[in-house]
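First comes the structure, then the notes that go with it.
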Amino acid sequence: MKKFESTRIIHSNKIKKIIEENYRIKTIEIDHSIEALPGQFLMVWIPGVGERPMSIGNNDPLTISVANVGKVSGKMHELKEGELISYRGPFGNPFTLPQNGKRILVIGGGYGVVPIYFLAKVAKENGAGVYSVIGGRTERDIVWEKQLFMVSTETFITTDDGSRGKKGTVLVEAEWLIKEKKIDHVYTCGPEKMMEAVAKLCKEYDVACEVSLERYMKCGVGVCGSCAVDGKLCCQDGPVFTGEEALSISDFGKRKRDATGRLEDI
Amino acid sequence: MAKLKCEFFGKKLKNPIILASGVLGMTKASLEMACENGCGGVTTKSLSIEPRKGHEGPNVAETECGFMNAMGYPNPGIDAGLKEFDGWKRDEALIISIVGKDATEFGTLAEKVEEAKLNAAAIEVVLSCPHTPGYGTMVGQGSPESVTEICKTVKEKTKIPLIVKLSPSVPGEVKAAEAAKNAGADAINMGNSLGPAMKIDIHRKMPVLGFGMGGLSGPAIKPIAIRCIYAIKQTVDIPIIGTGGVNCGTDAIEMMMAGANWISVGTAVYYRGPEAFDYIAREMDAWMDMYGYKNVNEIVGVVHEEIRKYKNYSQ
């Protein structure tokens, strides 16, 4: 049975604070606290422009981070403190929250670190031990590290060019952490190739894993079918999938559907 | 649930419940998922000549009494679409939905479906979308003249049974259905979202839907769909798929009593999840058990027989 996710209510609230994270990412703190769980998403509406799914970075205050990559996100970058922002949600299945005493490893690539921070925060509040890895192409792409410092036992950084932290992908830190720190559960969000590699690594070491998929969405509530991945819908059955589920999805790490439904290579 | 078994153009369906076009049907795997959840047939996303991104969002909105959408026919285009739906092996009927700007486009699309040699039970031509410029009611495709021209063109290009999807939004559905029948259509799908309709967000002082307006569906439009189906059944001898606001088994029974041979279901997927098909089938089955019906066909159009018993009944 479907858990009822009403799309009837559109929240419109004032922007409390805007933080410029780097050359392309802004964080928007909203004057609203919302009952949302880590891994869930909002459909953010910019009147006259469009609507996009956005990961939730915190529930109190409600926080989202957005990279300037298109029409809607471009308009979001023009928003000012005190202005209204509108959204519906939260939608989708959250990450499984770890229990007290468990050790988790959270891995965020690029702005994938946003929902990962939210999870790490709640996990720590629940008594889990949190290790974190943040990956980026270069030093400039590492965001939300201070937030993760506050909730992690240890935080590690990797960059493709070695300009910050260890040179290489998140795997160079993830692999030894899984082994040495006796990790119970790995959570990841970021570029799909990265998540695929993490899911495979977890399979190899037989560690539970959850990934957060991103797909083109039109409705967010399980009707339009735009976000179909095999027989599942990213918005309803995801966006969080177990590593095993994700690896069984034929397009995972390979292809995505665009707005018309055509498959494109990732 | 053997009572629900029925025929659909030579195919034996486990029940008369069909997934409506535009809902879930972007991929073959999604259609299979709908089948796993209990429907007797499925309809693809409507395929157009060129790929379409559809309207900017928000594409959906809920109101007090129903659901609204303005998708704008997102689809990968007929060529990619037919590849996607190739290799249909299930017992459930596969209906290929097509949308064209005019009779020539519909003809081209139908020809491509014919040539693709899919395992398609029927082609549905949609003449009734209320919110996509260039298509449907926005260009008067539901008029008897337009219906005649489109049906004749499509019938020349394909032997696959033809369903014509009409709108509850424009008066004259009976004349349109008659025109469709005379031009060779094999069935009418009576119903689509109603409208265009509008919802305004009072905080933003803006229409909610990205396109400004959209089609209304769900419980709000069921009585209108029922009346349209009733009217067609009364006058035109042609099988009918009923569409509009069916959310539970008794809704489906009511629509079949008005004259629908099959029921198509879309918005119920929003309210009840894809399990809606199974729920509706079980609810129909239970109702028929309770009132002693043995076969779902016994219900089709019974209102028309009943009404004859009341001589002074005027409509």
Side-chain angles (χ1 to χ4, degrees), chain A residues 1-14 43-53 70-72 75 83-88 91 215-237 249-251 257-264, chain B residues 22-36 45 47-48 50-64 67-69 71-77 80-81 84 199 201-210 212 217 266-267 269-276 279:
Chain A
M1 176 83 192
K2 171 170 175 151
K3 53 191 183 316
F4 192 74
E5 289 175 330
S6 177
T7 197
R8 190 156 138 198
I9 298 158
I10 297 171
H11 303 279
S12 291
N13 287 295
K14 278 190 178 164
M43 294 295 282
V44 179
W45 171 40
I46 305 299
V49 185
E51 191 188 44
R52 293 289 180 274
K71 211 164 45 169
V72 176
K75 275 282 167 206
E83 288 182 343
L84 282 182
I85 184 162
S86 303
Y87 45 92
R88 55 190 174 98
F91 298 123
R215 284 294 180 273
Y216 182 83
M217 285 179 193
K218 266 181 127 60
C219 77
V221 290
V223 178
C224 72
S226 289
C227 67
V229 283
D230 293 345
K232 297 190 171 81
L233 295 175
C234 190
C235 70
Q236 287 281 299
D237 303 303
I249 291 170
S250 53
D251 295 339
R257 286 179 195 275
D258 68 5
T260 72
R262 279 175 301 183
L263 282 170
E264 287 174 338
Chain B
V23 178
L24 298 177
M26 190 65 103
T27 65
K28 193 170 90 173
S30 285
L31 294 179
E32 287 164 351
M33 181 267 280
C35 294
E36 296 291 333
K45 277 258 180 205
L47 301 172
S48 54
E50 297 293 333
R52 289 178 56 88
K53 286 183 175 176
H55 297 317
E56 271 299 343
N59 299 100
V60 295
E62 196 187 340
T63 73
E64 291 73 7
F67 190 77
M68 292 169 67
N69 89 86
M71 294 291 173
Y73 287 135
N75 80 90
E84 175 68 42
K199 174 177 173 167
D201 184 273
I202 60 174
H203 300 285
R204 304 308 300 254
K205 297 162 276 194
M206 278 287 283
V208 172
L209 292 169
S217 63
T267 302
V269 174
Y270 170 67
Y271 290 116
R272 307 181 81 182
E275 301 88 341
Y279 292 143

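These numbers were taken from a predicted model, which means no experiment stands behind them. What's counted below: heavy atoms across the whole structure, side chains too, no hydrogens, waters or symmetry copies. Chain naming here is simple, since letters A, B, ... match the order of the sequence lines and numbering starts at 1 in each.
- Ring orientation note: the planes of Y271(B) and F67(B) are nearly perpendicular, at an angle over 60° on the 30°/60° scale.
- With a 4.5 angstrom heavy-atom cutoff, T63(B) touches chain A only via backbone atoms.
- At a 4.5 Å heavy-atom cutoff, the contact between S12(A) and chain B is made by side-chain atoms alone.
- Among S226(A), G231(A), G48(A), A228(A), the residue with the largest count of heavy-atom pairs under 4.5 Å with chain B is G231(A).
- Of the listed residues (R52(B), H55(B), K199(B), H203(B)), the greatest number of heavy-atom pairs within a distance under 4.5 Å of chain A belongs to R52(B).
- Residue contact with chain A, scored on non-hydrogen atoms closer than 4.5 Å, involves the backbone and the side chain of S30(B) alike.
- The greatest number of non-hydrogen atom pairs below 4.5 Å with chain B, out of K71(A), K232(A), M217(A), is found for K71(A).
- Ranked by non-hydrogen atom pairs under 4.5 Å with chain B, the options S250(A), C224(A), C227(A) are led by C224(A).
- Put simply, CD1 on I9(A) and CG on D201(B) are 12.0 Å apart, with the number rounded to the nearest 0.5 Å.
- Between the side chain of K218(A) and the backbone N or O of V223(A), no donor-acceptor pair lies under 3.5 Å.
- With rounding to the nearest 0.5 angstrom, the SG atom of C35(B) is 11.5 Å from the NZ atom of K28(B).
- Contacts between I46(A) and chain B at a heavy-atom distance below 4.5 Å are absent for every atom of the residue.
- For a residue to count as touching a neighbouring chain, one of its non-hydrogen atoms must lie under 4.5 Å from one of that chain's; by this rule V229(A) does not touch chain B.
- With 3.5 Å as the limit, one finds no donor-acceptor pair spanning the side chains of E51(A) and Y87(A).
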>> Walk me through whether R262(A) and E84(B) qualify under salt bridge (Lys or Arg N to Asp or Glu O under 4.0 Å).
In response: CA-CA 9 Å; R262(A) 279 175 301 183; E84(B) 175 68 42; over 6 Å; no

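- With hydrogens and angles disregarded, a donor-acceptor distance shorter than 3.5 Å links the side chain of R257(A) to the backbone of G261(A).
- Annotation: maximal heavy-atom pairing with chain A below 4.5 Å, among G81(B), G54(B), P58(B), occurs at P58(B).
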